[in-house]
Enquirer: 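To start, I am sharing the structure in question, which I have written as structure tokens.
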Amino acid sequence: MSLFSKVLALTALAGLLAGGAYVRAGRALGPSIDLHGPERYVGQTSVLDFSVDALEGTITSVEAVLQQGETRVPLFSLDAPGEARVEQETLGRIRIVRRFDRNVITGVTEGAAQLTVTAIRPTFYGLRQALTSLRHPLELRFEPPRLTVLSSQHYVNHGGAEMVVYRVTPTDVESGVLVDEQFYPGFPATSAGITGADDSRRVAFFALLHNQDLHAPMHVFARDPAGNETRVDLDHRTFPKNFRRRRITVGDDFIQRVVPAIAEQSDAARALLSNVPEDDLVTRYVRINTDLRQENAEYLLALAEKTEPRLLWQGPFRQLGNSQVESGFADHRTYLYDGREIDQQVHLGFDLAATANVAILASNHGVVIHADFLGIYGNCVVVDHGMGLQSLYAHLSSIGVQVGDAVAQGQEIGRSGMTGLAGGDHLHFTMLLHGRPVTPIEWWDPHWVEDRVARKIARANTP
Ligand SMILES: [Zn+2]
């Protein structure tokens with residue numbers, strides 16, 4: 001630092017500057033340095049990434065060093081870039097990228113360290129040199145999280161859900177279950193009613209979705225803020241289910257009733273239909289059945305992020321009283337109009353027969369997170385039961401609750417109807433896990449709820 005007569009060192013936390021840089025150092029004469037990463041932690045797979053801008057000059061020197069106590073680890077030198085990639089970003093601006101992990105920084109231990117990047121450019125016709133130095137505190141963290149699965153006998157039906165209890169340390173990591181690449185976050189075990197649990201214990205609900213492979217890999221997964229990851233195989237068995245195939249004929253009466261009604265009530269539908277002629281009702285219908293369905297599914301995914309991080313429900317979920325099941329979960333439906341096939345969809349819920357204006361009751365305790373018209377679902381209520389679980393009630397003639405209302409099992413939340421894509425008065429009901437449909441049959445079944453959830457929680461409660 002004392003090599004030059006006019007040394008100024010600046011370390012500035014500059015937030016989000018242009019170019020995504022979050023740390024920048026620079027002054028009028030010296031080059032500017034933008035550190036793109038790492039921000040705080042150095043882990044097993046970190047990358048050092050920074051840019052140096054000579055400000056209409058040439059850069060004569062760039063050095064990067066990691067310092068921990070007396071130990072200095074050279075990371076980069078413009079004279080000898082080694083394995084680092086040096087890119088000319090613009091005239092006078094270069095970007096340096098290199099591996100920055102345990103294998104390349106030896107002699108240091110886990111804990112605090114400091115990164116120093118120094119850059120020099122000549123000024124005054126090369127008579128003087130201007131220097132900028134950026135100093136950035138880092139935390140070295142190499143040990144990956146540790147995971148232990150505590151529950152046993154994980155039985156997963158195709159299209160259904162399951163629960164796991166596990167332990168993860170340290171506790172400041174994100175963790176959960178990966179089914180293939182689908183992630184289901186874990187929640188503190190105490191939030192599931194597991195008493196006396198230290199904060200390393202977690203509970204996660206997860207699912208094998210109807211459209212996933214029966215042999216999809218299942219892991220318990222954890223990642224710490226330094227990016228270190230751990231995956232352990234989740235011991236489990238899966239069971240195939242027969243998804244039915246049905247052919248559904250849609251008639252003019254149906255299309256003429258539902259298409260204009262949905263377009264009238266849904267901004268999203270109007271946007272999707274804006275380039276389809278008013279009189280082409282069949283195309284408009286298919287657009288609703290396909291694109292609006294997709295958009296509604298994405299809305300439900302985003303909505304699920306509002307889930308309460310604790311279990312709000314208790315015991316089996318309640319099915320609409322005396323209802324006949326009209327349609328199974330994940331029916332593959334082929335839609336026919338005038339004898340020709342116009343669309344195919346998977347029906348992700350149960351249609352429960354009802355007469356008009358029957359009281360629709362909350363299937364379990366929870367909090368209302370949606371109470372409004374929702375595209376193909378018509379008037380729709382979604383109740384959050386916590387830890388990623390929701391129930392959805394569609395095609396209602398009227399809604400009797402508001403977002404934020406706490407509802408008890410059996411409490412009326414609306415009246416049955418045929419709004420949205422409904423051929424007649426019925427309740428379309430489904431369970432959602434983190435916004436993705438899972439079969440409700442399991443949640444209605446007292447034995448399943450006892451075996452898959454309650455017993456595991458009880459077992460985890462015994463020391
Ligand atoms: Zn339905």
Side-chain angles (χ1 to χ4, degrees), residues 159-160 209-211 241-251 253-255 257-259 261-262 265-266 269 285-301 303 317-337 342-358 360-361 363 370 372-383 390-399 413-433 435-444:
L209 302 177
H210 73 98
N211 57 357
K241 292 286 156 191
N242 267 330
F243 301 126
R244 289 190 301 176
R245 298 195 163 271
R246 296 183 73 190
R247 292 164 78 79
I248 292 190
T249 298
V250 291
D253 289 355
F254 172 67
I255 291 180
R257 178 174 64 80
V258 297
V259 171
I262 291 174
Q265 296 212 58
S266 159
Y285 165 74
V286 172
R287 201 55 76 82
I288 286 171
N289 202 32
T290 306
D291 297 350
L292 190 59
R293 183 183 296 269
Q294 176 65 27
E295 210 170 295
N296 295 157
E298 284 161 19
Y299 169 82
L300 291 171
L301 272 182
L303 184 70
F317 284 64
R318 199 181 283 182
Q319 190 180 338
L320 177 64
N322 301 321
S323 58
Q324 283 283 314
V325 173
E326 281 192 339
S327 161
F329 182 75
D331 278 357
H332 290 245
R333 292 179 167 180
T334 300
Y335 296 83
L336 304 167
Y337 175 80
I342 55 167
D343 202 4
Q344 288 195 16
Q345 296 297 333
V346 181
H347 181 252
L348 294 168
F350 266 81
D351 289 342
L352 304 171
T355 45
N357 226 30
V358 167
I360 300 299
L361 313 177
S363 57
H370 177 93
D372 202 350
F373 194 87
L374 178 60
I376 64 166
Y377 297 111
N379 292 322
C380 175
V381 172
V382 179
V383 176
Q390 287 104 33
S391 55
L392 177 147
Y393 314 76
H395 309 312
L396 307 181
S397 58
S398 66
I399 293 174
I413 54 173
R415 293 277 165 155
S416 66
M418 52 192 290
T419 54
L421 277 190
D425 285 292
H426 75 280
L427 173 68
H428 173 97
F429 178 81
T430 198
M431 297 296 292
L432 302 162
L433 192 56
R436 298 177 180 90
V438 292
T439 182
I441 286 186
E442 298 177 335
W443 302 92
W444 286 329

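Below, all heavy atoms of this structure are taken into account, side chains as well, without hydrogens, waters or symmetry copies. Ligands are counted one by one from 1 in listed order, and the atoms in each one are counted from 1 as well. None of these values were measured; they are calculated from a predicted model.
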Enquirer: Quick one: do the Ser397 and Asn379 side chains pair a donor with an acceptor below 3.5 Å?
Expert: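 Absent: no donor and acceptor within the cut-off.
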
Enquirer: How about His347 and Phe329: are their ring centres within less than 6.0 Å of each other?
Expert: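 When the ring centroids of His347 and Phe329 are compared, they turn out to be at least 6.0 Å apart.
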
Enquirer: In terms of relative ring orientation, are Trp443 and Phe317 parallel, tilted or perpendicular, with 30° and 60° separating the classes?
Expert: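 Aromatic pair Trp443/Phe317 classed perpendicular.
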
Enquirer: Is there a donor in the side chain of Tyr393 and an acceptor in the side chain of His428, or the other way round, less than 3.5 Å apart?
Expert: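 Per modelled atom types, Tyr393 and His428 side chains form no pair under 3.5 Å.
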
Enquirer: Can you classify the ring geometry of His395 versus Tyr377 as parallel (below 30°), tilted (30 to 60°) or perpendicular (above 60°)?
Expert: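 Rings of His395 and Tyr377: tilted, as their planes differ by 30° to 60°.
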
Enquirer: Hey, what do you get for CD1 (Ile342) to CD1 (Ile255), rounding to the nearest 0.5 Å?
Expert: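 So the CD1 of Ile342 and the CD1 of Ile255 are separated by 5.5 Å.
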
Enquirer: List-wise, which protein N, O or S atoms are found short of 2.8 Å from the Zn ion (ligand 1)?
Expert: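 For the Zn ion (ligand 1), the protein N, O and S atoms that sit under 2.8 Å away are His347 NE2, Asp351 OD1, His428 ND1.
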
